[in-house]
2 protein chains.
Amino acid sequence: MPPCTPPTPPPEGEAEANIELARLAKALSHPARVTILRALLRRDTCVMGSIVDLLPLAQSTVSQHLKQLKQAGLIRGEIDGPRVCYCVEPEAIERLKALIQAL
Amino acid sequence: MPPCTPPTPPPEGEAEANIELARLAKALSHPARVTILRALLRRDTCVMGSIVDLLPLAQSTVSQHLKQLKQAGLIRGEIDGPRVCYCVEPEAIERLKALIQAL
DNA sequence: GCGTCATATCGCATATCGACGATAAACGAA
DNA sequence: TTCGTTTATCGTCGATATGCGATATGACGC
């Protein structure tokens with residue numbers, strides 16, 4: 001007999017939390033995106049050009065990664081003259097931390 | 001001028017941490033895998049058959065997801081008679097929590 | 001207007017993911 | 001040994017991810 005406790009009913013709203021966590025985790029599932037997020041958190045950079053310099057990737061590829069981070073709600077892009085200034089969404093980061101910590 | 005601090009050199013060993021975090025995040029990047037991990041953490045189930053019952057997926061698909069969780073080091077499978085008993089690797093979970101919290 | 005700079009998007013190639021059914025492999029019981 | 005139960009693997013498929021160069025878009029200065 002395997003060492004298992006009797007099956008408990010899955011807590012309320014767990015399915016939604018699982019989907020939300022999976023979405024956020026997916027956004028972090030590529031080293032380049034983790035690198036970008038960390039750089040933005042350090043506030044080293046916020047402009048595309050300098051983010052590209054951090055990575056061995058083409059500008060278009062970096063733009064795609066930024067798009068994914070934006071779609072996951074982890075970052076935001078504000079138009080700043082001819083550039084776009086990216087910054088993190090602190091609430092989303094906190095949400096991610098909370099979901100992971102609750103595991 | 002965008003509101004950026006002067007560029008700081010990236011901390012020591014950050015690239016490795018980014019890769020490690022991306023690997024762990026990738027393992028959690030699918031709702032089914034989050035569901036499985038949570039069930040194992042609750043110790044509701046540990047055998048394939050009951051895990052399959054939790055999900056609207058075929059047995060072979062669940063086996064694939066378990067394989068990915070195992071390859072990421074988040075779970076372990078112990079042969080228990082004709083069955084396999086899966087359980088979480090607490091150290092890996094703690095590592096994940098630490099990496100996320102350090103963001 | 002025109003050109004320039006910075007960024008986003010398009011189009012394409014390749015690789016990986018996620019799903020399934022079918023089958024193989026391992027084990028206990030009869 | 002043979003059968004049934006349980007899990008892993010294989011082969012295949014469509015969908016998605018990742019990368020690039022080329023091109024479109026948008027904002028500014030002239």
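Reckoned from all heavy atoms, side chains included, excluding hydrogens, waters and symmetry mates. The shown structure was predicted, so the numbers you read here are calculated from the model rather than taken from an experiment. In the text below, chain A, chain B and the rest are named by the order of the sequence lines, each starting its count at 1.
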- Under 4.0 angstrom between A:His65 side-chain N/O and D:dG19 OP1 or OP2: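 Answer is yes, contact under 4.0 Å.
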| task | Taking only the side-chain nitrogens and oxygens of B:Tyr86, find out if one of them lies under 4.0 Å from OP1 or OP2 of D:dA8. | result |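 Looking at the OP1 and OP2 atoms of D:dA8, one of them is under 4.0 Å from a side-chain N or O of B:Tyr86.
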TODO: If a pair satisfies salt bridge (charged side-chain N to carboxylate O under 4.0 Å, His left out) and one of its residues is in residues 91-103 of chain B, list it, with sequence neighbours excluded.
DONE: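 Qualifying pairs: B:Glu20-B:Arg95.
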For residues 67-76 of chain A, which residue pairs pass the salt bridge (charged side-chain N to carboxylate O under 4.0 Å, His left out) check, not counting sequence neighbours?
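Every pair satisfying salt bridge (charged side-chain N to carboxylate O under 4.0 Å, His left out) with a residue in residues 67-76 of chain A: A:Arg76-A:Glu78, A:Arg76-A:Glu89.
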Provide, to the nearest angstrom, the distance between the [atom1] atom belonging to [X] and the [atom2] atom belonging to [N].
X       : N      : atom1 : atom2 : result
A:Gln68 : C:dC17 : CD    : C1'   : 14 Å
B:Leu57 : C:dG21 : CG    : C1'   : 14 Å
B:Lys67 : C:dG18 : NZ    : P     : 13 Å
B:Leu66 : C:dC17 : CG    : C1'   : 16 Å
B:Met48 : C:dC27 : CE    : P     : 17 Å
B:Glu78 : D:dT7  : CD    : P     : 14 Å
A:Leu55 : D:dG19 : CG    : C1'   : 13 Å
B:Arg76 : D:dT7  : CZ    : P     : 17 Å

[X] versus [Y]: any side-chain heavy-atom pair under 4.5 Å?
X        : Y       : value
B:Leu103 : B:Leu21 : yes
A:Ile100 : B:Leu96 : yes
B:Val84  : B:Met48 : no
B:Thr35  : B:Leu55 : yes

Between A:Val84 and A:Gln64, which residue's closest nucleotide on DNA chain C lies nearer the 5′ terminus?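 Of the two residues, A:Val84 wins.
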**OP:** Could you please name the option among C:dA8, D:dT7, C:dA6 that lies closest to any side-chain atom of B:Val47?
**Re:**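 That would be D:dT7.
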Nearest of D:dT6, D:dG19, C:dA19 to any side-chain atom of A:Thr61?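 Minimum distance to the A:Thr61 side chain belongs to D:dG19.
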Per-nucleotide protein contact along nucleotides 22-30 of chain D, 5' to 3', at a 4.0 Å heavy-atom cut-off (B base, S sugar-phosphate only, - neither), is B----SS--
Assigning hydrophobic clusters by single linkage (Ile, Leu, Val, Met, Phe, Trp, Tyr; side-chain heavy-atom cutoff under 4.5 Å), is A:Leu24 placed with A:Leu41?
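Yes, A:Leu24 and A:Leu41 fall within the same hydrophobic cluster.
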Inset, instruction - For DNA chain C, determine which residues of residues 18-34 of chain B have any heavy atom closer than 4.0 angstrom to one of its atoms, and list them numerically. - result: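 Correct list: B:Lys26, B:His30, B:Arg33.
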Which residues pass the side chain to side chain donor-acceptor pair (under 3.5 Å) test with A:Gln64, sequence neighbours left out?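 Scan of A:Gln64 (side chain to side chain donor-acceptor pair (under 3.5 Å), adjacent residues dropped) gives none.
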**Study point:** Pairs involving residues 71-103 of chain A, ordered by first then second residue, that meet ring-ring contact (aromatic ring centres under 6.0 Å, His included) (sequence neighbours left out)
**Key:**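 Residue pairs passing ring-ring contact (aromatic ring centres under 6.0 Å, His included), neighbours aside: none found.
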In degrees rounded to 10°, what angle is found between the helical axes fit to the five outermost pairs at each end of the helix from C:dG1-D:dC30 to C:dA30-D:dT1?
->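 The value is 10°.
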Of all residues at least two apart in sequence or in a different chain, which pass the side chain to side chain contact (heavy atoms under 4.5 Å, CB included) check with B:Ala17?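 For B:Ala17 the side chain to side chain contact (heavy atoms under 4.5 Å, CB included) partners, ignoring immediate neighbours, are A:Arg38, B:Leu99.
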### Partner set under side chain to side chain contact (heavy atoms under 4.5 Å, CB included) for A:Thr61, not counting sequence neighbours
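Partners of A:Thr61 by the side chain to side chain contact (heavy atoms under 4.5 Å, CB included) criterion, ordered by chain and then number, come out as A:Leu57, A:Ala58, A:His65.
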Inset, instruction - For B:Ser29 and B:Lys26, indicate whether the former's side chain and the latter's backbone hold a donor-acceptor pair under 3.5 Å. - result: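 Flag set: sc B:Ser29 to bb B:Lys26 pair under 3.5 Å.
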